Structures are given as structure tokens and as C-alpha cells.
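The structure under discussion appears below in the form of C-alpha cells.
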Amino acid sequence: MRIATWNVNSLNARLPRVEEWLAYAQPDVLCMQETKVADAAFPAMAFSALGYETASHGDGRWNGVAIASRVGLSDVVGGFGASAADPADAAPDDRGARLVAATCGGVRVHSVYVPNGRSVGSEHYAAKLSWLEDLRAYLERTCAPGDDVAVCGDFNVAPEDRDVWDPAAMEGSTHVTEPERAALAAVQAWGLSDAFRLCYQQDQLFTWWDYRAGNFHKHMGLRIDLVLVSKSLAERVSGALVDRNARKGKQPSDHAPVLVDIDR
DNA sequence: ATGGTAGAGGATCTA
């Protein structure tokens, strides 16, 4: 199975690039973030024409996540939903259309768009940390580490300094702080491995570059788009790739897609 | 000197 994740930064603006990319990259499953499209307006026909079923969770203007699959797509759940333990208990609500899950080819697939956090110490930063806590809790109550589970998306956290173009310049900024990294590590500690890191150990391999100031061409980026896989999948990872070519050319997203191949 | 660019929407807000 080839599973991919891509923050498309508006599916309406990016649909031609996404269609082109599906045709040459041939993923079995594609998790998308920042679709910025309401479910009712999701371009499902464009995907079905290419052989993909889709699940969307979006309310239109901001955020929005989706999954496209050509290996089946069932049991779609959007958002965190109610707590199974106690539905009345502060069930983390949708919190901005940042999570959708579906079962594709026997794998429980999650497309996640972690809040940006804006600035350290802001309410948005606190919300980012609590969102990651909610993600961990969601995994605990909806699946088991022994299952085939993939959590893919834009985590807005660079896990380590080697995932940062200039750690000194970034020090103290969002995406690299210790609390953010600890919150991500807590999600992974549930039982998930960073599939890209199973394949590559080099530094300076990025998935996002700011549109501004020519950052892409100056190699000023971050690795914040991750494919996290449970143990049973990690054992079968045969390759991974950041498709930098998809960040080039006409009207690119500011993120490149990440692909992971898993042996059946 | 918080710039620089992109997307949504129709003024700014978000990233």
C-alpha cells in the first residue's frame, strides 16, 4: 500500500495539481489537509473519475481535512466526536474540522491538521498543545496500538532540530518548542513510528517552505508533515519520499506531499 | 523598520 499525506492549501485552488499528482504518484490512499472546502462542495467527482472514493470533513473557509482511497473507504468519522467513556464529559468537539478517520484497505487511516499555534504563549499555542492531547485520547478510545493504524498530516511541529533549516534561528518559535515536541512525542508514544525516519536519517529534509522570500529555493524549510504508523505497519515500511517536485512549478501548495510504501 | 506570498472573500484574517 502506498499512503501519502499532503497539505494542499485549498483544494479548490489546488485541484489541477492534485489530479496531476495522483496520476503520476499513484498513491492508494491520500490524506489531505487545509482543503478549505465544505463537505457539500467537496469535488468528489474529480476523485472518483480517477478511481478514488473520498471522505471530507470541512466547514468551508478554514482548515478542512479529507481522505481519498482506491483501496476501499469505510467507517468514516469526522472530528473527535463524543467521548465513548462519557459522552457528556466535555466531549472534545470538532475543534475546527482538523480530523477525519476512515478504514482503507484494512488500515485505520487518520488525516490530521494540527493547529498552527501562531505564537508561543498565545491562547492558540495552548489550544495546539491541548489538541494534540485530544488526539492521543482519541486514539486511545477508538483503536489499539496493535491494529494497523496510520496517522498522517500536517502536525505543525518539527520533531527534532534536524527537521529545521536553522535551529538557532528558529529557537523559541512555534513548531520547535519543547512542549510542542513533547505533545507530539506523547502521540507517538501511544504506539506510532515516524515512517519517514525509518527510511532516512539525514538532516535538512523538509516538507514545508514559506511562500515568502524565496524560502523554497533557499532551502529554508521544516519537516512538519508526517506519516505515523503503528508497529505492524512500521515493520513493513519499504520506502518513503518527500516529493519536492510537487512544491515547484505553477501554483504549488507551500507543502510537498510525503509518500510511504508499505508491503502487504 | 514584522517584511515577504498565497488563499478566501470581498475587509482583513490565517498561515
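Just so you know, these numbers use all the heavy atoms, side chains as well, and skip hydrogens, waters and symmetry mates. Below, chains carry the letters A, B, ... as their sequence lines are ordered, and counting in each starts from 1. Here the structure is a predicted model, which means the values were calculated and not measured.
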Margin query: Counting the atoms with a prime plus P, OP1 and OP2 as sugar-phosphate, which does A:Y113 contact under 4.0 Å by heavy atoms, base, sugar-phosphate, or nothing?
Written below: sugar-phosphate
Mind checking the [atom1] distance from [N] to [M]? Whole angstroms is fine.
N      : M      : atom1 : answer
B:dT14 : B:dG4  : C1'   : 15 Å
B:dG9  : B:dC13 : P     : 16 Å
B:dG3  : B:dT12 : P     : 16 Å

Margin query: Assess, by modelled atom type and distance only, whether the side chains of A:Y211 and A:N9 contain a donor and an acceptor separated by less than 3.5 Å.
Written below: yes
Note to self: Checking side-chain polar atoms at under 3.5 Å, does A:D243 have a donor or acceptor matched by the opposite partner on A:W21?
What the structure shows: yes
Next item on the list: Hey, could you give me the CG/CZ distance between A:L30 and A:R2, rounded to the nearest 0.5 Å?
Entry: 12.0 Å
Next item on the list: Quick one: pull up CD in A:Q33 and CG in A:D154 and give me the separation to the nearest 0.5 Å.
Entry: 6.0 Å
Item checked: Residue mapping more 5' on DNA chain B - nearest nucleotide basis, A:D210 or A:N116 -> A:D210
Check: DNA chain B: A:D254 or A:K36, which has the more 5' nearest nucleotide?
Finding: A:K36
Margin query: I'd like the 5' and 3' limits of the part of DNA chain B contacted by chain A, with heavy-atom contacts below 4.0 Å.
Written below: B:dG4 to B:dA15
Notebook entry, point to check: Considering all heavy atoms of both residues, which atom of A:R247 and which atom of A:W209 are nearest to each other, and what is their separation?
Noted result: NH2-O, 2.9 Å
Notebook entry, point to check: For A:S111, which of A:C152, A:C31, A:S56 qualifies under side chain to side chain contact (heavy atoms under 4.5 Å, CB included)?
Noted result: A:C31
